[in-house]
Amino acid sequence: MSMTLAANLPVVFAALAAFCVTMYVLADGFDLGVGTLFLLAPRNEDRDLMMASIEPVWDANETWLVMGGTLLLAAFPASYYVLLPAFYLPVMLMLFGLIFRGIAFEFRLQTVAFRWVWDIAFAGGSLVATLSQGLILGGLIKGVKIENGMFAGGIFDVVSLLGLACGAGLVGGYALLGAGWLIWKTDGPTQVFAREVAHSALILAAGMMLVVSAWSSWSVPEVAARWFAWPNMAFLVPVPVLTTALLLTIWRRIWIGREAEVFLLAIIIFLLGLVGLVVSLWPYVVPRQITIWNGVSDPQTLVFAGTGLIIVIPIVLAYQAHAYWVFRGKTRHR
C-alpha cells in the first residue's frame, strides 16, 4: 500500500462514518419525530395514520445506526474504548427507547383495550431515544475527561445543561422532520395537525440551535476559535446565514408551500447542522484528545472493513430507495 493511500485512509473512513451518521439522523430522525408527535395527535385515527406512514421504512432506517457504530469500532477503536464508557448512560437509554418503539409497532395493532399503553411506549421510546442522542451530542461538543488514554470521568458526567439543550433541540428538529413527513405523506385532518404542530417544532429547534451555538462558543474555547478566528470566519459565516434563511422560509411555507417542501427544507437544515458539527470537531474522533490519524486502526483492518462497506452500502441504499419508491404517495387508512 502506498504511503499516500495509507495517509488518506483515515480521512476516507472518517467521511464514511460521517455519511452513516448523516443517513441515520435523516432517515431515523423523521420517524423519531413522528413518534415524538404521537400523543399530541387529537384522534386515534390520526395516530393510526401516523404509524402507518412510517411502518414500511422505519426498521431499515435504523440500519445506519448499526453500520455507523460498527464502522467506528473497526476503523477508530480509540473512539470506542474512550467514548463508549463516557456515554454508557445515554447509549443504553437510547437502545431501550428504540426497543420500546419496535415492540410498540408489533403490539399496538393487536390490541384495543390497552392500545394506549403502546401509544405511550411508542411516544416515550421516541422521546427517550431523541433526548439520549442530545446528551451524546452535548458530550461530544463539551469533551470528555481522559487520563492515561482512558475515560476518567463518571457515568453522569454526560448529563449537562449543554447536553439537555442539545436534546431539546433534537426534539424540535426531529419533530419538524416528522411534521414535514406527515404533511407530505398524509392529507385531511392529520395533515392539518402536522402543519399546526410544525410551527411549534420550528420555534423549539431554532431556539435551541441558537442556545447551543452560543453556549458552545462561550464554554468551549476551541469551538469559538474555530468559528470566529480569521480567516475561518469569512468562510464559515454562510452556514448560520443560510440556516437562518431556511428557517424563515419554512415558517412561511408551512401552509402555502408544496407538500414535500417543509420536509426537504428541514433535511437541508439538518445537513447544515452536521456541517457545523464537523467544523467544530474536526479532525478529532475523541474531541480535542485523539485525532483520526492517531486513533485509526491498522491499514489491513481498514482495507478489510472498506471491502465490506463497498458491498454493503450500495445494497442498503438500493433497498431503501426501492422501499420508498414502492410505498410512495399518500398513506391511507386500512
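- Under a 4.0 Å N-O distance rule, the pair R47/D119 qualifies as a salt bridge.
- Using a distance-only test at 3.5 Å, with no hydrogens or angles considered, no donor-acceptor pair links the side chain of R101 to the main chain of L98.
- Of all the heavy atoms in F87 and P90, the pair that sits closest is O-CD, 3.2 Å.
- A perpendicular orientation is assigned to the rings of W181 and Y324, their planes being inclined by more than 60° (bins at 30° and 60°).
- At distances below 3.5 Å, not a single donor-acceptor pair connects side-chain atoms of K142 with backbone N or O atoms of S216.
- Separating the CG atom in L83 from the CG atom in L72 is a distance of 8.5 Å, to the nearest 0.5 Å.
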Margin query: Walk me through whether W184 and T331 qualify under side-chain contact (heavy atoms from CB on, under 4.5 Å).
Written below: CA-CA 9 Å; W184 183 23; T331 303; over 6 Å; no
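- M94 and F156 fall within the same hydrophobic cluster, defined by Ile, Leu, Val, Met, Phe, Trp and Tyr side-chain heavy atoms under 4.5 Å apart, directly or through other members.
- For the pair Y284/I290, no side-chain contact is recorded, criterion being any heavy-atom separation below 4.5 Å from C-beta on.
- The only member of L176, L204, L32 that meets side chain to side chain contact (heavy atoms under 4.5 Å, CB included) when paired with V171 is L204.
- In terms of hydrophobic clustering, with Ile, Leu, Val, Met, Phe, Trp and Tyr side chains grouped at heavy-atom distances under 4.5 Å, F327 and L49 are assigned to different clusters.
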Margin query: Go through it in stages, so that I can follow the logic: the residues are L271 and L26, the test is side-chain contact (heavy atoms from CB on, under 4.5 Å), and I'd like the CA-CA distance, side-chain angles, deciding distance and then a yes or no.
Written below: CA-CA 9 Å; L271 291 174; L26 297 180; 3.8 Å; yes
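- Ring geometry for W293 against W282 counts as perpendicular: the plane angle is over 60°, on a 0 to 90° scale with 30° as the lower cut.
- When all heavy atoms of A305 and F13 are compared, the pair lying nearest together is CB-CE2, 4.1 Å.
- Counting only residues at least two apart or on different chains, the ring pair (Phe, Tyr, Trp, His ring centres under 6.0 Å) pairs with a member in residues 114-146 are F38-F122, F105-F122, F107-W118.
- The closest donor-acceptor contact from the side chain of R115 to the backbone of R108 lies under 3.5 Å.
- Under the 4.5 Å side-chain heavy-atom criterion for grouping Ile, Leu, Val, Met, Phe, Trp and Tyr, L248 is not connected to M209 through any hydrophobic cluster.
- Counting all heavy atoms, side chain and backbone alike, L177 lies closest to G29 at CD1-C, 4.1 Å.
- Taking Ile, Leu, Val, Met, Phe, Trp and Tyr as members and joining any whose side-chain heavy atoms lie under 4.5 Å apart, directly or through other members, F304 forms no hydrophobic cluster with any other residue.
- In the hydrophobic cluster analysis, where Ile, Leu, Val, Met, Phe, Trp and Tyr join through side-chain heavy atoms closer than 4.5 angstrom, I99 is grouped apart from L65.
- Distance alone, capped at 3.5 Å, places no donor-acceptor pair between the K145 side chain and the F151 backbone.
- Checking side-chain atoms of S53 against main-chain N and O of M50 turns up a donor-acceptor pair under 3.5 Å.
- With rounding to the nearest 0.5 Å, the separation of CG in D46 from CD in Q191 is 11.5 Å.
- The environment of CZ in R252 is sparse: at most 12 heavy-atom neighbours from other residues, nucleotides or ligands sit within 6.0 Å.
- Counting only heavy atoms from C-beta outward, the side chains of I313 and M67 approach each other to under 4.5 Å.
- Looking only at distances, no side-chain donor or acceptor of T130 sits under 3.5 Å from a matching main-chain atom of L170.
- With L140 as the fixed residue, the side chain to side chain contact (heavy atoms under 4.5 Å, CB included) test singles out one of V286, L281, L135: L281.
- Listed by chain and residue number, nothing satisfies the salt bridge (charged side-chain N to carboxylate O under 4.0 Å, His left out) test with E196 (two or more places apart in sequence, or in another chain).
- Contact check on D48 versus R43 returns no salt bridge, with no Lys/Arg side-chain nitrogen under 4.0 Å from an Asp/Glu carboxylate oxygen.
- V197 and L39 are members of different hydrophobic clusters when ILVMFWY side chains are connected at heavy-atom separations under 4.5 Å.
- L16 contributes atom CG, which lies 9.0 Å from atom CD1 of I310 (distance to the nearest 0.5 angstrom).
- Here the closest non-hydrogen pair linking C20 and L71 is SG-CD2, 4.4 Å.
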Next item on the list: Could you check I256 against R253 for side-chain contact (heavy atoms from CB on, under 4.5 Å), going step by step and ending with a plain yes or no?
Entry: CA-CA 5 Å; I256 63 174; R253 306 299 290 179; 3.9 Å; yes
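- Using bins of under 30°, 30° to 60° and over 60° for the plane-to-plane angle, the ring pair Y174/F270 lands in the parallel bin.
- Between Y24 and Q133, the side chains place a donor N or O and an acceptor N or O closer than 3.5 Å (distance only, hydrogens not considered).
- By the 4.0 Å N-to-carboxylate-O rule, K330 lies close enough to E259 to be salt-bridged with it.
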Check: Run the side-chain contact (heavy atoms from CB on, under 4.5 Å) check on M23 and L317 step by step: do they pass?
Finding: CA-CA 10 Å; M23 290 300 298; L317 288 172; 4.0 Å; yes
